[in-house]
Amino acid sequence: MNRLRQAVQDNGGNTILGAAVYFYDPIFLEICAHLGYKAIWIEMEHGHITFAEAADLCRMAAGSGMLTMIRIADARRENVLKAAECGPDILDVPMIERPEQMQELRKYARFAPEGARGFFSVSRAIDYGITDSVVSKQRRLNTDLCLMAQIETVDAMHRLDELAAVPDIDLFVGPADLAASFGLPGQTGHTIIKGAAADIVRAARANGKCIASACAPADMPFWLSLDIDLLFLTNDIACLKKAAADTLNEARTLLEARKTVQNS
């Protein structure tokens with residue numbers, strides 16, 4: 001049982017709620033932990049977080065009792081290996097459209113005999129080699145580490161059943177890119193996108209897969225109604241923008257009210 005599935009079971013089968021970090025900020029991570037978020041998404045596709053910083057964020061999150069997911073840019077061997085050695089609970093790859101991409105992820109993320117992950121025995125993922133048997137630890141990690149493929153294009157939807165049937169890879173719905181691929185950029189709440197998302201969830205469940213996604217506040221009721229396993233609700237940049245804007249707007253409202261009183 002991988003760590004995501006175990007966490008969902010420990011959570012009474014309820015959706016695990018998480019937040020994303022787009023830059024290296026331990027303070028934001030700790031705030032999320034204190035607030036009660038149960039998972040942290042470490043963004044390495046669009047963000048500039050380094051592997052060294054990702055490993056630090058993984059150990060901070062683990063110390064705070066949160067699941068960790070690293071999203072890398074693609075399933076190339078170097079990316080998969082370095083991210084896996086950081087010791088995350090979930091390793092996610094975007095823009096998956098073919099079973100071969102999923103098989104590549106599995107090949108480089110799993111130790112022999114299940115895959116061909118390099119035999120590196122002193123990484124954080126292997127407890128720096130402080131174990132009675134490195135091989136036994138590697139085999140446990142083959143089961144523990146959750147691998148995820150993001151379904152977020154029209155081409156992927158055309159192969160949905162085939163992709164969902166690939167063993168040992170769970171699914172992540174990417175609503176924003178899915179909407180863009182359907183020619184509906186920014187319209188994640190469109191009925192077409194909701195229908196596609198529901199189809200992905202059904203395909204995942206039919207194949208015994210875990211399912212995750214991320215959403216804007218307006219889309220939360222829809223995603224929570226699907227009873228998915230993991231849902232990321234916000235990110236560090238969004239939180240900064242919202243707090244800064246709310247405070248500024250509050251002050252402007254008070255100033256306008258003061259002017260109104262003075263001019264009356």
Side-chain angles (χ1 to χ4, degrees), residues 1-8 21 39-45 47 49-63 66-151 156 162-172 174 204 207-212 229-230:
M1 182 182 298
N2 68 41
R3 291 174 187 157
L4 173 56
R5 192 176 298 277
Q6 183 65 60
V8 173
V21 289
I40 287 292
W41 165 354
I42 300 167
E43 172 56 29
M44 296 185 71
E45 180 193 10
I49 292 173
T50 67
F51 285 107
E53 291 171 339
D56 273 350
L57 292 169
C58 281
R59 59 176 64 93
M60 292 173 205
M66 293 189 289
L67 281 176
T68 52
M69 183 186 87
I70 296 179
R71 180 167 76 172
I72 51 179
D74 53 44
R76 286 181 298 126
R77 182 177 186 272
E78 179 182 10
N79 280 337
V80 175
L81 282 179
K82 289 185 177 179
E85 303 301 12
C86 293
D89 300 302
I90 306 166
L91 189 53
D92 175 59
V93 175
M95 291 291 174
I96 296 296
E97 297 180 330
R98 304 183 311 279
E100 293 80 10
Q101 292 171 288
M102 300 169 77
Q103 291 156 4
E104 185 180 28
L105 169 61
R106 188 176 188 276
K107 174 182 178 181
Y108 297 138
R110 299 294 190 226
F111 293 102
E114 286 82 1
R117 178 170 168 177
F119 194 101
F120 186 60
S121 62
V122 293
S123 70
R124 178 178 184 272
I126 307 297
D127 296 334
Y128 309 103
I130 305 171
T131 176
D132 292 336
S133 170
V134 169
V135 172
S136 294
K137 177 66 177 176
Q138 289 175 340
R139 288 177 179 170
R140 286 198 302 274
L141 194 56
N142 277 352
T143 300
D144 290 347
L145 177 60
C146 173
L147 304 180
M148 280 200 152
Q150 283 197 220
I151 309 299
E162 187 180 4
L163 295 173
V166 174
D168 194 32
I169 310 283
D170 293 313
L171 301 184
F172 189 113
N207 286 274
K209 302 293 183 69
C210 288
I211 185 79
D229 299 298
L230 174 61

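- Formation of a donor-acceptor pair under 3.5 Å by the D229 side chain with backbone atoms of A212 is not found in this model.
- Here I49 contributes atom CD1 and I72 contributes atom CD1; the two are 13.5 Å apart, rounded to the nearest 0.5 Å.
- For E78, the salt bridge (charged side-chain N to carboxylate O under 4.0 Å, His left out) partners at least two apart in sequence or on another chain are K82.
- At a threshold of 4.5 Å between non-hydrogen side-chain atoms, the residues I42 and C58 count as touching.
- Contact of the D170 side chain with the R5 side chain is registered, since non-hydrogen atoms from C-beta on lie closer than 4.5 Å.
- Side-chain contact between M60 and L57 is present, with heavy atoms from C-beta onward closer than 4.5 Å.
- Between L105 and A75, the shortest heavy-atom contact is N-CB, 4.0 Å.
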### Task
Go through the steps to decide whether L141 and R3 satisfy the test side chain to side chain contact (heavy atoms under 4.5 Å, CB included), and finish with yes or no.
CA-CA 10 Å; L141 194 56; R3 291 174 187 157; 3.5 Å; yes

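- Here the CZ atom belonging to R117 is positioned 10.5 Å from the CZ atom belonging to R77, to the nearest 0.5 angstrom.
- Here the OG-CD1 distance, from S121 to I130, works out to 11.0 Å after rounding to the nearest 0.5 Å.
- Atom CZ in F172 sits 9.0 Å away from atom CD1 in I211 (nearest 0.5 Å).
- Contact between G87 and T68 at its shortest, heavy atoms only, is O-OG1, 4.3 Å.
- Contact annotation: the side chain of L230 approaches that of I90 to within less than 4.5 Å [non-hydrogen atoms, C-beta and beyond].
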### Query
Run the side-chain hydrogen bond (donor to acceptor under 3.5 Å, both in side chains) check on R71 and Q150 step by step: do they pass?
CA-CA 10 Å; R71 180 167 76 172; Q150 283 197 220; 3.0 Å; yes

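- Side chains of M148 and K209 form no contact here, defined as non-hydrogen atoms less than 4.5 Å apart.
- M102 places none of its side-chain heavy atoms less than 4.5 Å from the side chain of L147.
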### Task
With side chain to side chain contact (heavy atoms under 4.5 Å, CB included) as the test, would you mind laying out the steps for F111 and I126 before giving the verdict?
CA-CA 12 Å; F111 293 102; I126 307 297; 4.0 Å; yes

Distance-only criterion, 3.5 Å: show the donor-acceptor pairs between side-chain atoms of residues 92-100 and protein atoms not counting sequence neighbours.
| unit_1 | atom_1 | unit_2 | atom_2 | d |
| --- | --- | --- | --- | --- |
| E97 | OE2 | T153 | OG1 | 2.8 |

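- Checked options L145, N2, L67, L4; the residue passing with D89 is L67 (criterion: side chain to side chain contact (heavy atoms under 4.5 Å, CB included)).
- Annotation for I151 and A156: closest pair CG2-CB, 3.8 Å, computed over non-hydrogen atoms.
- For the residue pair A125 and A84, the shortest heavy atom distance occurs at CB-O, 3.4 Å.
- Applying the side chain to side chain donor-acceptor pair (under 3.5 Å) criterion to D56, with sequence neighbours excluded, gives Y24, R59.
- A 4.5 Å side-chain heavy-atom check between D168 and E114 finds every atom pair outside the cut-off.
- For the pairing with F51, the side chain to side chain contact (heavy atoms under 4.5 Å, CB included) check across N79, I70, L81 returns one residue only, N79.
- Residue K137 is tested with D127, N142, D144 for a side-chain hydrogen bond (donor to acceptor under 3.5 Å, both in side chains); the sole match is D127.
- Counting all heavy atoms, side chain and backbone alike, A54 lies closest to C86 at CB-SG, 4.2 Å.
- The closest side-chain heavy-atom distance from V122 to E85 is not below 4.5 Å.
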